[in-house]
Asker: 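Okay, here's the structure, questions in a sec.
In listed order, ligands and their atoms are each counted from 1.
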Amino acid sequence: MKKVLVIGGGGREHAIVDALSRSPQVDKIYAIPGNAGIAAQATCVKIGECDFPAIIDFVKSEGIDLTVVGPEVPLSKGIADEFAKEGLRIFGPSKAAARIEASKDFAKSIMYKYGVPTAAYRTFENYDEALEYVKKGSFPVVLKYDGLAAGKGVVIPETLSEAEETLKDMLLDDKFGKGKVVVEDFLTGPEFSFMCFVDGENVYPMVIAQDHKRAYEGDKGPNTGGMGAYSPVPIIPNADVQYALENIMKPVAAGMVAEGCPFKGVLYGGLMKTPAGVKVIEFNCRFGDPETEVVLPRLRSDIYSIFSAIADGQPLGEIEWNPAPVMGFVMASKGYPGSYEKGAVIEGLPDALSDEDVTVYHMGTKEEDGVLKTSGGRVMMVLSKGVSLQNAHDKALEAVEKIHCDNLFYRRDIGWRVL
Ligand code: AMP
Ligand code: GLY
């Protein structure tokens with residue numbers, strides 16, 4: 001029986017821990033740092049996600065068989081490289097491969113070099129040159145800070161003065177850090193998230209999902225990490241998914257091998273079905289959040305076998321999926337994605353969980369003296385499987401309404417494109 005460590009403490013990691021707990025091969029799960037929900041299925045350990053020496057000491061002293069990394073920051077800082085030096089097994093890409101997410105300029109250059117469809121772009125370090133280029137183009141225009149920015153690095157100005165302001169923030173005032181800016185053409189169409197398990201040139205697709213990035217109903221308000229998700233996505237035909245597998249995910253995986261930085265882990269394609277075909281909006285070097293929370297509950301295969309095969313460079317058989325749809329609603333602290341208060345009491349969880357199709361993944365919670373409280377921007381995701389997406393929607397919403405907390409809000413219109 002195996003011991004597994006999961007790095008991270010959000011809803012994505014709760015879904016990973018939950019999937020691991022269904023594996024007949026796994027008998028002990030640890031999480032660094034985990035959260036109040038994860039604590040029911042795993043031993044939560046207070047070590048920093050980027051304190052690699054301490055994590056490695058812990059893995060050795062506990063005899064952990066495999067470590068699975070959730071968030072992008074430890075990956076882009078090289079956790080997989082440090083594990084490899086010690087001969088420890090890890091599921092997640094190297095620092096060099098994680099650049100597919102950590103540098104938008106790197107991602108764009110790979111896409112261009114290997115003929116992968118994406119928006120036309122130019123990269124700038126100089127404010128005046130960037131402004132000159134934007135002045136010549138049309139609006140809206142897409143401005144992306146080159147480095148990691150916790151989902152806040154993309155701004156889509158409608159006017160020149162707004163674009164000027166954003167370029168100033170990014171290139172003159174270094175508000176996101178020191179770095180370049182990618183200026184991209186604005187594309188339109190429905191977006192979907194296509195995650196694949198990747199080991200070098202071998203690409204194994206997961207079922208697709210759709211996220212809801214805007215904070216408020218009707219897709220209004222600021223961009224967030226994601227306010228809800230569902231899987232499958234019937235408005236995206238299977239032919240588009242096959243196209244994306246053959247013309248996007250596989251060429252990028254092969255390109256990374258050719259560049260000397262083979263990818264191992266989950267390659268996340270943020271894709272858009274534009275009038276001119278499916279194109280890439282972004283890549284992530286890890287499982288998406290909240291997509292993972294609706295995709296992994298549909299996984300029938302043993303996730304430990306998948307993680308192991310990828311980590312060890314072994315071939316993977318067919319991955320099996322449950323056809324039943326899953327939809328989930330994110331409950332977030334009032335004020336998110338801006339500033340918000342923590343510590344509000346959450347009640348009604350047992351009642352929400354009385355339907356056996358309903359699951360709650362914790363995203364930002366803590367327990368104090370036996371009382372469950374909010375401790376983050378996104379606090380929990382309430383999801384349900386159903387006989388249809390409408391049925392999953394209705395059951396998840398019914399469960400959300402049973403949860404009481406003064407300081408939480410949610411969107412009731414998750415899945416509006418397909419219901
Ligand atoms: P990203 O963090 O790169 O996924 O960007 C955040 C959001 O900005 C995406 O989910 C899209 O809705 C939007 N976006 C990014 N790039 C483009 C683009 N080239 N055209 C239109 N929308 C975009
Ligand atoms: N849901 C988008 C992401 O994980 O970045």
Asker: Ion pair present between D199 and K264, side-chain N to carboxylate O less than 4.0 angstrom?
Answerer: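 K264 and D199: salt-bridged.
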
Asker: Can you name the ring pair (Phe, Tyr, Trp, His ring centres under 6.0 Å) partners of F91, sequence neighbours left out?
Answerer: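 Scan of F91 (ring pair (Phe, Tyr, Trp, His ring centres under 6.0 Å), adjacent residues dropped) gives F307.
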
Asker: Counting heavy atoms only, name the option from E101, K144, R214, E282 that's nearest to atom 16 (N) of ligand 1.
Answerer: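 Looking at heavy atoms only, the winner is K144.
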
Asker: How about Y410 and E401: does a side-chain donor come under 3.5 Å of a side-chain acceptor?
Answerer: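 Side-chain D/A pair, Y410 to E401: absent.
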
Asker: Can you tell me if D185 contacts ligand 1 (heavy atom of the residue under 4.0 Å from the ligand)?
Answerer: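 True for this residue.
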
Asker: Centre-to-centre under 6.0 Å for Y121 and Y112, is that the case here?
Answerer: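 Distance test on ring centres: under 6.0 Å, yes.
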
Asker: Taking the minimum heavy-atom distance to atom 11 (C) of ligand 1, which of E191, E184, K104, K279 ranks first?
Answerer: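 Selected option, by shortest heavy-atom distance: E191.
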
Asker: Under 3.5 Å between any N/O of L187 and any N/O of ligand 1: does that happen in this structure?
Answerer: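 Yes, at least one N or O pair falls under 3.5 Å.
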
Asker: Ion pair present between R214 and D219, side-chain N to carboxylate O less than 4.0 angstrom?
Answerer: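 Answer for the salt bridge query: no.
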
Asker: Kindly write out the residues that satisfy side chain to side chain contact (heavy atoms under 4.5 Å, CB included) with V155, not counting sequence neighbours, or none if the list is empty.
Answerer: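 Here the qualifying residues are P157, T166, M170.
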
Asker: Which N or O atoms of ligand 2 sit under 3.5 Å from a protein N or O, and how far apart is each pair?
Answerer:
{"unit_1": "ligand 2", "atom_1": "1 (N)", "unit_2": "D211", "atom_2": "OD2", "d": "2.9"}
{"unit_1": "ligand 2", "atom_1": "1 (N)", "unit_2": "D289", "atom_2": "O", "d": "3.0"}
{"unit_1": "ligand 2", "atom_1": "1 (N)", "unit_2": "E291", "atom_2": "OE1", "d": "2.9"}
{"unit_1": "ligand 2", "atom_1": "1 (N)", "unit_2": "E291", "atom_2": "OE2", "d": "3.2"}
{"unit_1": "ligand 2", "atom_1": "4 (O)", "unit_2": "R286", "atom_2": "NH1", "d": "3.0"}
{"unit_1": "ligand 2", "atom_1": "4 (O)", "unit_2": "D289", "atom_2": "N", "d": "2.9"}
{"unit_1": "ligand 2", "atom_1": "5 (O)", "unit_2": "N284", "atom_2": "ND2", "d": "3.1"}
{"unit_1": "ligand 2", "atom_1": "5 (O)", "unit_2": "R286", "atom_2": "NH2", "d": "3.0"}

Asker: Please confirm whether H393 and F329 have ring centers closer than 6.0 angstrom.
Answerer: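 Ring centres of F329 and H393 closer than 6.0 Å.
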
Asker: I need the atoms of ligand 1 closer than 4.0 Å to a non-hydrogen atom of K213, numbered in the order shown.
Answerer: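 Within the 4.0 Å cut-off of K213, ligand 1 contributes 4 (O), 10 (O).
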
Asker: Got a salt bridge between D240 and K273, using NZ or NE/NH1/NH2 to carboxylate O under 4.0 Å?
Answerer: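 A salt bridge is present here (some side-chain N lies under 4.0 Å from a carboxylate O).
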
Asker: Run the contact test for T118 against ligand 1 with a 4.0 Å cut-off on heavy atoms, strictly below, and give the result.
Answerer: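 No, T118 has no heavy atom closer than 4.0 Å to ligand 1.
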
Asker: Go through ligand 1 atom by atom and flag the ones less than 4.0 Å from a non-hydrogen atom of I156.
Answerer: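 Checking each atom against I156, I get 8 (O), 13 (C), 14 (N), 22 (N), 23 (C).
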
Asker: Please check if the distance between the ring centroids of Y268 and F283 is under 6.0 Å.
Answerer: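 No, too far apart.
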
Asker: With a cut-off of 4.0 Å, which atoms of ligand 1 are near a heavy atom of V142?
Answerer: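 Per the distance check, 16 (N), 17 (C), 18 (C), 19 (N), 20 (N).
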
Asker: Determine which pairs satisfy ring-ring contact (aromatic ring centres under 6.0 Å, His included) with at least one residue from residues 30-51, sequence neighbours left out, and list them in order.
Answerer: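 Every pair satisfying ring-ring contact (aromatic ring centres under 6.0 Å, His included) with a residue in residues 30-51: Y30-F58.
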
